[in-house]
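Ligands are counted one by one from 1 in listed order, and the atoms in each one are counted from 1 as well.
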Amino acid sequence: MQKETQKDFLDPAERKTQQTLGIKQAVQYAYQNSPYYRKVFDEAGLKPEQINNPLEFRQVPFTKKNDLRGAYPYGMAAVTLDKIIRIHASSGTTGKPIVAGYTRQDLDDWAAAVARICAMAGVKASDIAQISFGYGLFTGGFGLHYGLERLGATVVPFSSGNTERQLSLMQDFNTNVLVSTPSFALYMAETAIELGYKPAEFGLKIGLFGGEPCSDAMREDIEKHWKLKATVNYGLTEVVGPGISGECEERAGMHILEDIYFPEIIDPASGEVLPDGATGELVLTPLYKEGFPVLRYRTGDITRLISEACPCGRTTRRMDYIAGRSDDMIIIKGVNIFPSQIEEVLAGFSEVSPHYLLVLHKQKGFIKDLEVQIELSPEGFSDSFRQLEALEGRIRQRLRSTLSLAPRLKLMEPKSLERTTGKAKRITINEVE
Ligand code: ADP
Ligand code: ZN
């Protein structure tokens, strides 16, 4: 493990050299072994010999989500299926699932990568970690499972659901690390309080949260309830799953395991590569993947690369917290809105809970109207119509000044919006005639 961890502290010049070699090898490998990429290169009139450094790598066409959908189920394979020993698929949050296949080597590399992410967050071999991510096609459960085992932690593979039992076992087992989506961590705290537990007394020390955005407000809420240190990490099925980037104890962005994944930020409209610090769409290339390699995958996630030194001493660049997915961006009356912007406004009101739902009323494919359903917190709930109306007015005003647009608001009773044990559902579409 120590040898693995050292990779985070490598001299940046040395890492650049290795990255260049990695890029060349990824291109060669894909060209020689993946019929999919052989075709992409041939159609672009490109030969692997032309790609010798990160700059030349920009000639390689992007791979998009739809390309992977088109290759369903095994079109991205670069090995014969007998070498694939595991299949996962994306959870399909934004459409048809995408399949990923792993060779034995891929699974071994993945476990090592996730172990590094967990160590970076402060998890130790002596810790007891409960995994409340779903086990199954979703990469979250198995990804963290093997990573934490590799680290030497004691893994409690609970999976999602059955919140009451999760809580009682967490207490019995002296669990001190919790792995889940941030929204589920919050939901578990709410349930614990309802059942008469005191979440702060559980003894949780570290939260490893991922799979969806975690706003500052949400993080604060989780920490306040559980008295743990909340860390976030990032990944996606198309590239590997979790284990691409994660926070160190400084919690100032997520360190990317740059020796394994080559990151680029592009302007989502023009495809132009942007310099460090500029916000755009994250493009990732796993450098050593055998089973289903991908080159320059457009993640759809909007972020920026941070190259300033981190106080922790790691030399890997960090990525900023994800502002939203480009396919979650709502364009209404010419205004671009990310759900996270609305979430931030709502977080400024103690009368509302962190639970909300955006209803897009669509007509002929266009968004006609945006409705924000906002759940009141138990303290914010009132029988007085006038009070509620005043609250609605204040929220509307704040939303209007942030978004330059006033959505329709609907205040909901406490605990009336649906909770999930996985990724929170923030957007729903209503087709109107
Ligand atoms: P799906 O696209 O079906 O949700 P995945 O389970 O592979 O499939 O999820 C990957 C996506 O989840 C990422 O592309 C990103 O949008 C989101 N995600 C994962 N981790 C984080 C994180 N720490 N912060 C924000 N979003 C995240
Ligand atoms: Zn750091």
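Where the criterion is an N or O separation shorter than 3.5 Å, residue side chain and backbone included, G211 meets it with respect to ligand 1.
Shown in contact with T237 at under 4.0 Å from a heavy atom are these atoms of ligand 1, numbered in order with element: 5 (P), 6 (O), 7 (O). Using a 4.0 Å cut-off to heavy atoms of I322, the atoms of ligand 1 that qualify are 24 (N), 25 (C), 26 (N). When each atom of ligand 1 is checked for a heavy atom of F138 under 4.0 Å away, the hits are 6 (O). Set against the non-hydrogen atoms of G235, the atoms of ligand 1 under 4.0 Å away are 10 (C), 13 (C), 19 (C), 20 (N). Of all atoms in ligand 1, numbered sequentially from 1 with element shown, those under 4.0 Å from a heavy atom of P213 are 24 (N), 25 (C), 26 (N).
With respect to the salt-bridge test (charged N to carboxylate O, under 4.0 angstrom), the residues E264 and R304 do not qualify. For the pair K229 and E223, the salt-bridge criterion is not met [side-chain N within less than 4.0 Å of a carboxylate O]. At a threshold of 4.0 Å, the pair R317-E258 counts as salt-bridged, since one of the basic side-chain nitrogens sits closer than that to a carboxylate oxygen. Between E190 and R419 a salt bridge is recorded (basic side-chain N to carboxylate O distance below 4.0 Å). Using a 4.0 Å cut-off between a side-chain N of Lys or Arg and a carboxylate O of Asp or Glu, K415 and E194 qualify as a salt bridge.
Protein-derived N/O/S atoms nearer than 2.8 Å to the Zn ion (ligand 2) total 4, waters excluded.
For L236, heavy-atom contacts with ligand 1 shorter than 4.0 Å involve the backbone as well as the side chain. Contacts between D301 and ligand 1 below 4.0 angstrom, taking non-hydrogen atoms only, involve the side chain exclusively. When non-hydrogen atoms are compared, ligand 1 lies under 4.0 Å from the side chain of K423 (C-beta onward) but not from its backbone.
Using a 3.5 Å distance cut-off with no hydrogens or angles, the side chains of Q363 and E431 do not pair a donor with an acceptor.
Close to ligand 1: N233, with a non-hydrogen atom less than 4.0 angstrom away.
A heavy-atom distance below 4.5 Å is not found between the side chains of K205 and W226.
Taking the six-membered ring for Trp and the full ring otherwise, the centers of W110 and Y146 sit at least 6.0 Å from each other. Aromatic rings from H145 and Y135 are positioned such that their centres are separated by under 6.0 Å.
Among L405, L403, L358, V335, the single residue meeting the side chain to side chain contact (heavy atoms under 4.5 Å, CB included) criterion with I330 is L358.
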Worked check of ring pair (Phe, Tyr, Trp, His ring centres under 6.0 Å) between F41 and Y31:
CA-CA 7 Å; F41 272 69; Y31 187 76; 5.6 Å; yes
